[in-house]
Protein chains: 2
Amino acid sequence: MNSPETQNSPLGRRPTLYDVATHAGVSPSLVSLFLKDPERISEKRRGAVQKAISELGYRPSRAATTLASTRTKSIGLVIDDYRNLWFVDLLRGMESVLSNLGYQVMLADSRPGKNRIKEATDGLLAMHVDALVLAAEPSEAMLSTTWVPTVVAGWRKGVPAGADLITNDDDGGGAMAASHLLELGHVRVGHLSGADGASAHRRAGFRRAVETAGVESIISESDGTSEEDGYTAACWLLEHHPDTTAIFAANDTMALGAFAALKARGLSVPHDVSVIGYDNSPLAKSRYLDLTSVDNRSDVVGIDAAHRLLARIEDPSLQPERKLIEPTLVLRGTTSALR
Amino acid sequence: MNSPETQNSPLGRRPTLYDVATHAGVSPSLVSLFLKDPERISEKRRGAVQKAISELGYRPSRAATTLASTRTKSIGLVIDDYRNLWFVDLLRGMESVLSNLGYQVMLADSRPGKNRIKEATDGLLAMHVDALVLAAEPSEAMLSTTWVPTVVAGWRKGVPAGADLITNDDDGGGAMAASHLLELGHVRVGHLSGADGASAHRRAGFRRAVETAGVESIISESDGTSEEDGYTAACWLLEHHPDTTAIFAANDTMALGAFAALKARGLSVPHDVSVIGYDNSPLAKSRYLDLTSVDNRSDVVGIDAAHRLLARIEDPSLQPERKLIEPTLVLRGTTSALR
DNA sequence: GCGGCATTTTGTAGCGCTACAATTTTTACG
DNA sequence: CGTAAAAATTGTAGCGCTACAAAATGCCGC
């Protein structure tokens, strides 16, 4: 309707709350009240203020609001890398409880350097977030330096003092994957493992379940958890244990590497070898890949983390808590009974 | 060293710049100066301020800084969905030019509702970002309401007045994919297309190239661009044109759907049918999938967008510009010469 | 040892908003 | 109608920082 050039607003600058108040013929305080809860002012004024806001194209300044209020109604989420999609479920879980309460979730990733986690956290704290979720391995440098309620999600090492811990039961999940393969009758089962914390737990669970069943646990460990790592580990496994009939990969991406190694050897899945992954990532859900996988329920972690933070925002004296979330098994087409 | 309980700081609250100044025995202005450029103050004072900062555990308040300065040195990036990983390259491209200049990139996704794009944008503007990159289709509601330099990246419809446009040459990319298949000798080529803007351009390019070569263009169109859509479209294609020897999917995910359809029919890739995708996503790069794909060079879009914004921050009177980025073809194992 | 100039440091005045107490208006009811 | 209580509205005083001009200090040669 209006020309973009004139920008509706008669001011040559970003309109402020005072501009709105003047335009609407009320006091700034009333406009502020309107912003916080429109229901709290009379219908007559509400209309006038609303009109002034849209006529001027006013948008509140978050900076000013933040500075003037004690609470910002925002929660910071630090993730290690945008490309690790597991944070999407975490985020969705958090938002499912926080959005309705008017909270906003701010994301910061800490990809590049090692101490970027501290940087990302500092950035979030600089924005006065009311609380923090660390979905990245906390560095030593920040073990004791948070001013706000903090929960560590999905990592178990280096939890800052006073922080809650809500994480996936990777140990249980590893055992779950192993049991599934054993129940299908497999007795030559291999595990492709990575080097990080979660991998170690998955590995331990796997080993325990397999050895409890009286079966030898064959583990091929690599430095990372990428598809290439999975490929390399699977090649080693297939070379040294050619009679392997089932493979448990530490994550879905590594399972993809196993697929590549099997394909190269002319072995088919699940006819010759069953494969189970971990994370129930979009990859596993793919119709083509159709990968059986352990779902670590990051959405539940997110929901729990959110509840926990809300509680600690209300009562900062609450004692930190530690909690494990049970994974679930998602059956798909890459595992089948031993033929 | 210090107990986490005492938090180093003698104050029972978040330390401010004034606390630092007092502690260091200098004026607040000097501390502010230090924050902006440590080199600008004498060595003696610099040491004192530095010491005070770390002793108190001081972190500047972004809100206060933002409010007091005219520039915030931050750029907002609106994306449609965190799960569409193409934004990662965009982001990396932007950061490669912005980080060195001290700019920070803030992300907001607009997943859920339709007008969340406006919400996400408003949120960013509320944080006083100096400029905005819209990597999501702008809604009508916001065609004329930005106060800051804006560039639309990767979308061509609904560009707000006064915004720059830097986008991928999807039309050229479609033609590129088609030419590749034609050069390999294929004459029965099908295209799996989606319904969004980018798909339409890729389709147009494909059609033009194929028809220029005097070959019939067979297009299977679906509502979306998911793997399921790709699967459905591929099933239609294979049923109605069983002699198809090459398939161009509108994106890598749809190519995965095509794989599923081919596998179900016992056809192998690339032996029976060649497949080319689009986006050069992590999927395409996978060793197992090894998918030939068109790379739309989002990293370059990011770099260009950043340069453009910096220029417009310097000189807001600059006329908006439109620019297409040339895609490149990435050859992998899913396309081969017609046997 | 003293102008004159460059460098370093400081004081003052907001940025745009909210908290909270104080004030005005409306409503309820004897 | 009058008055107390409730509801609606307003004024005042910052939140933590930066911009910018003014003041203080250091440095030079003569």
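So that the names make sense, note that chain A is the first sequence line, chain B the second, and so on, each numbered from 1.
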List the atom pairs, with distances to 0.1 Å, where a side-chain N or O of residues 315-322 of chain A and a protein N or O form a donor-acceptor pair under 3.5 Å, not counting sequence neighbours.
| from | atom 1 | to | atom 2 | distance (Å) |
| --- | --- | --- | --- | --- |
| Asp315(A) | OD1 | Ser317(A) | N | 3.0 |
| Asp315(A) | OD1 | Ser317(A) | OG | 2.6 |

Main-chain N/O of Ala63(B) paired with Thr66(A) side-chain donor or acceptor, under 3.5 Å: no
Strand-adjacent residues in residues 37-50 of chain B, judged by heavy atoms under 4.0 Å from DNA chain C: Ile41(B), Ser42(B), Arg45(B)
Sugar-phosphate only, base, or nothing, as touched by Pro28(A) at under 4.0 Å among non-hydrogen atoms: nothing
Residues 34-46 of chain A, side-chain donor-acceptor partners within the protein, below 3.5 Å, at least two apart:
| from | atom 1 | to | atom 2 | distance (Å) |
| --- | --- | --- | --- | --- |
| Asp37(A) | OD1 | Glu39(A) | N | 3.1 |
| Arg46(A) | NE | Pro38(A) | O | 3.0 |
| Arg46(A) | NH2 | Ile41(A) | O | 3.1 |

Partners passing side-chain hydrogen bond (donor to acceptor under 3.5 Å, both in side chains) against Asp164(A) (at least two apart in sequence or in another chain): Arg308(A), Arg312(A)
Sugar-phosphate only, base, or nothing, as touched by Phe34(A) at under 4.0 Å among non-hydrogen atoms: nothing
Interface residues of residues 61-71 of chain B with DNA chain C (non-hydrogen, below 4.0 angstrom): Leu67(B), Ala68(B)
Of Val26(A) and Tyr18(A), the one whose closest DNA chain D nucleotide lies more 5': Val26(A)
Partner of Leu56(B) under side chain to side chain contact (heavy atoms under 4.5 Å, CB included), chosen from Val20(B), Thr16(B), Thr22(B): Val20(B)
Partner of Ile75(A) by side chain to side chain contact (heavy atoms under 4.5 Å, CB included), out of Ile313(A), Leu132(A), Val129(A): Ile313(A)
Span of DNA chain D, from the first to the last nucleotide whose atoms fall under 4.0 Å of chain B heavy atoms: dG16(D) to dA19(D)
